[in-house]
Amino acid sequence: MSSLQFSERVLNLAREAQTDIQGQFAAIDEIAEYNSQKVLAAFQNNRVAEAYFAGTTGYGYDDLGRDMLDKIYADIFGTEDALVRIQFVNGTHAIASCLYGVLEPGDVLLSAVGAPYDTIQGVIGITGDYPLSLKKYGIEYREVPISRENTPDRGRLAEMAADPKVKAVLIQRSKGYSTRASLSVAEIGELISVVKSVNPNAICVVDNCYGEFVEKTEPSQVGADLIVGSLIKNPGGGLAPTGGYLCGRADLVERASFRLTVPGIGRECGATLGNNRSLYQGLFLAPHTVAQALKTAIFAARMMEKLGYDTEPRSDQTRHDIIQMISLNAPERVERFCRGIQAGSPVDSFVTPVPWDMPGYDVPVIMAAGAFIQGASIELSADAPMREPYTVYMQGGLTYESGKTGILLAAEELLRG
């Protein structure tokens, strides 16, 4: 028998919310079925066998499973090549490897949709004064501001991208800690077309974190030269223990591999240490797991709307990533919401999340994440920078049923305030 107790008010709100959003679940399931078939076809076309699950140690030479997984990712994302490695410590590391791989001193990096995610800002040299940032290497950074309507400014992008010194354009699919809407694949394709029309040689790098398998197509299928992401988000399916991936043009993937390891070695080294099975199985499950996270996000949006809070996207809008933004407008509400999410976790449910000075951020950040894989945001989690307008960013949910439970506990915490 469940020991979780909910008030009648929260249960009634949950029933109403469930009724309101039920029609959207069929569309999510249809996308999940399409993407599941795409993944299955890639496994079958590449003749995946039990032998590929064996790991390597030491240098990691001749790791057949690792090399085959690269081919499978390239097939799924429709690219010439891919690099999937547990040696990427997070998504920021994978993105940085791409940027260091394609940019040289004197080049200009242009961000197409405002400032990138906080941790990437340190890599570039926007924040902090870190040794070996892109800025320290003589790489200039420029930024296309978001329009007054809080959307990408295509006209300004065309103007700024036309400079022949612009070597790479970074497009962040997810909103990160900003208030703009996350980008659809179609919108990303439009931004890439704008860039290529004025600067055909510019390399378009898409931060694809949180967006994989949310739609039927990926940014690599609408002109991106490189797409990058984390394995402890969508494509790891909740099973990958660590790692990141990048897919794109073969020459650019090779350059990024030289930054992951060293020039002359690149992708040839990197032991998998027995993790291949989890990477394969996680990828196989990923379309279904992403669908569970999307359903959780829609339910969270509708519940919070019923409690009077603004959400982005709204519960009735089409999704382009798994992140749900909720405007709570007060620091104590952010903390209460995160306490509820933590209480709904299978791991460390008894822990109270508090704001702390996380590496890579310029303000304290609170994170609720009682996950099987540390920091895995495909599992139910919520985080927020402790600054105005005090907005929390929720994502994940390995199963809709458990994700829904976490939302109910968060609602209870808010109603106690």
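Scope of the values below: all heavy atoms of this structure, side chains included, with no hydrogens, waters or symmetry mates. The model shown is predicted, which means the values in this text are computed figures rather than measured ones.
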- side-chain hydrogen bond (donor to acceptor under 3.5 Å, both in side chains) with Y177: which of D118, D383, T391? D383
- Evaluate whether atom CD of Q317 has more than 12 neighbouring non-hydrogen atoms of other residues, nucleotides or ligands under 6.0 angstrom away. yes
- For the residue pair P241 and N275, establish whether any side-chain heavy-atom pair is separated by less than 4.5 Å. yes
- Atom CG of L246 and atom OH of Y73: how far apart are they, to the nearest 0.5 Å? 11.0 Å
- Partners meeting side-chain hydrogen bond (donor to acceptor under 3.5 Å, both in side chains) with E149 (sequence neighbours left out): S147
- Message: Once rounded to the nearest 0.5 Å, what's the spacing between atom CG of L409 and atom OG of S349?
- Response: 9.5 Å
- Message: Side chains of T352 and Q342, heavy atoms from C-beta outward: is any pair under 4.5 Å?
- Response: no
- Query: Taking all atoms of both residues into account, what is the closest heavy-atom pair of G58 and A271, and its distance?
  - Reply: O-CB, 3.6 Å
- Query: side-chain hydrogen bond (donor to acceptor under 3.5 Å, both in side chains) with E218: which residues, sequence neighbours excluded?
  - Reply: R173, N208
- Query: Mind checking what makes salt bridge (charged side-chain N to carboxylate O under 4.0 Å, His left out) contact with D81, not counting sequence neighbours?
  - Reply: R267
- Message: Does any part of the side chain of C247, heavy atoms only, come nearer than 4.5 Å to the side chain of S220, both counted from C-beta?
- Response: no
- Item | Pairwise salt bridge (Lys or Arg N to Asp or Glu O under 4.0 Å) hits with a residue in residues 327-352, at least two apart | R339-E413
- Item | Which atom of P364 lies closest to which atom of P355, heavy atoms considered | CB-CB, 4.0 Å
- Per the side-chain contact (heavy atoms from CB on, under 4.5 Å) rule, which among E312, Q172, M325 passes with R180? Q172
- Determine whether more than 12 heavy atoms belonging to other residues, nucleotides or ligands lie under 6.0 Å from atom NZ of K71. no
- If you look only at pairs with a residue in residues 12-26, which of them pass as a salt bridge (Lys or Arg N to Asp or Glu O under 4.0 Å), with sequence neighbours excluded? E8-R15, E16-K306, D20-R302, D20-K306
- Decide yes or no on salt bridge (charged side-chain N to carboxylate O under 4.0 Å, His left out) for R387 and D362, but give the supporting numbers first. CA-CA 10 Å; R387 63 188 176 213; D362 60 359; 3.3 Å; yes
- Query: side chain to side chain contact (heavy atoms under 4.5 Å, CB included) between T272 and L69: does it pass, once the steps are laid out?
  - Reply: CA-CA 11 Å; T272 51; L69 193 59; over 6 Å; no
- Query: Should L279 and I86 count as side-chain neighbours, where that means a heavy-atom distance under 4.5 Å?
  - Reply: yes
- Value rounded to 0.5 Å, distance of CD1 in I341 from CD in Q395: 9.5 Å
- Please collect all salt bridge (Lys or Arg N to Asp or Glu O under 4.0 Å) contacts where either partner lies in residues 223-251, sequence neighbours excluded, each pair once. K196-D225, D225-R249, R249-D251
- Hey, does Y61 have a side-chain heavy atom less than 4.5 Å from the side chain of T56? no
- Side-chain heavy-atom pair D70, V253 within 4.5 angstrom cut-off: no
- Message: In the structure I gave you, are the side-chain heavy atoms of T242 and V89 within less than 4.5 Å of one another anywhere?
- Response: no
- Task: Report, as yes or no, whether the 6.0 Å neighbourhood of atom CZ on F284 holds more than 12 heavy atoms from other residues, nucleotides or ligands.
- Result: no
- Task: To the nearest 0.5 angstrom, please state how far the OH atom of Y141 sits from the CG atom of L110.
- Result: 8.0 Å
- Item | Side chain Y400, main chain L294, donor-acceptor under 3.5 Å | no
- Excluding sequence neighbours, so at least two apart, what forms salt bridge (charged side-chain N to carboxylate O under 4.0 Å, His left out) with D316? R314
- List in chain and number order the residues that pass ring-ring contact (aromatic ring centres under 6.0 Å, His included) with H288, two or more places apart in sequence or in another chain; answer none if no residue qualifies. none
- Query: Are any non-hydrogen side-chain atoms of V228 and C209 less than 4.5 angstrom apart?
  - Reply: no
- Task: Would you tell me whether N45 and D75 have side-chain atoms, one donor and one acceptor, within less than 3.5 Å of each other?
- Result: no
- Query: Under the side-chain hydrogen bond (donor to acceptor under 3.5 Å, both in side chains) test, which residues partner S184, sequence neighbours left out?
  - Reply: E187
- Got a sec, which residues hit salt bridge (charged side-chain N to carboxylate O under 4.0 Å, His left out) with E388, two or more places apart in sequence or on another chain? none
- What pair of heavy atoms forms the shortest contact from L170 to P116, and how long is it? CD2-CB, 4.1 Å
- Query: So which heavy atom on G375 is nearest to which on I232, and how close?
  - Reply: O-CD1, 3.6 Å
- Under the side-chain hydrogen bond (donor to acceptor under 3.5 Å, both in side chains) test, residues paired with Q324 that sit two or more places apart: R319
- Identify which one of D321, I188, T151, V206 satisfies the side-chain contact (heavy atoms from CB on, under 4.5 Å) criterion when paired with L183. I188
- Message: Going by the rule salt bridge (charged side-chain N to carboxylate O under 4.0 Å, His left out), which residues pair with D29 if we only count those two or more places apart in sequence or in a different chain?
- Response: K295
- Task: Enter the distance from I124:CD1 to I139:CD1 here, rounded to the nearest 0.5 Å.
- Result: 10.0 Å
- Decide salt bridge (charged side-chain N to carboxylate O under 4.0 Å, His left out) for E412 and R9; before the verdict, give the C-alpha distance in whole Å, the side-chain angles of both, and the deciding distance to 0.1 Å. CA-CA 9 Å; E412 292 283 11; R9 180 182 178 186; over 6 Å; no
- Message: Quick check: closest heavy atoms across A376 and A371, and the distance to 0.1 Å?
- Response: O-CB, 4.4 Å
- Query: In terms of ring plane angle, is the pair F77 and F213 parallel, tilted or perpendicular, where the classes change at 30° and 60°?
  - Reply: tilted
- Item | Rounded distance (nearest 0.5 Å) linking atom CD1 of I298 with atom CD1 of I28 | 3.5 Å
- N/O donor-acceptor pair under 3.5 Å between K404 side chain and A14 backbone: no
- Task: Compare every heavy atom of T261 with every heavy atom of G266, then report the nearest pair and how far apart it is.
- Result: O-OG1, 2.8 Å
- What class does the angle between the rings of Y280 and Y52 fall in, given that below 30° is parallel, 30 to 60° is tilted and above 60° is perpendicular? parallel
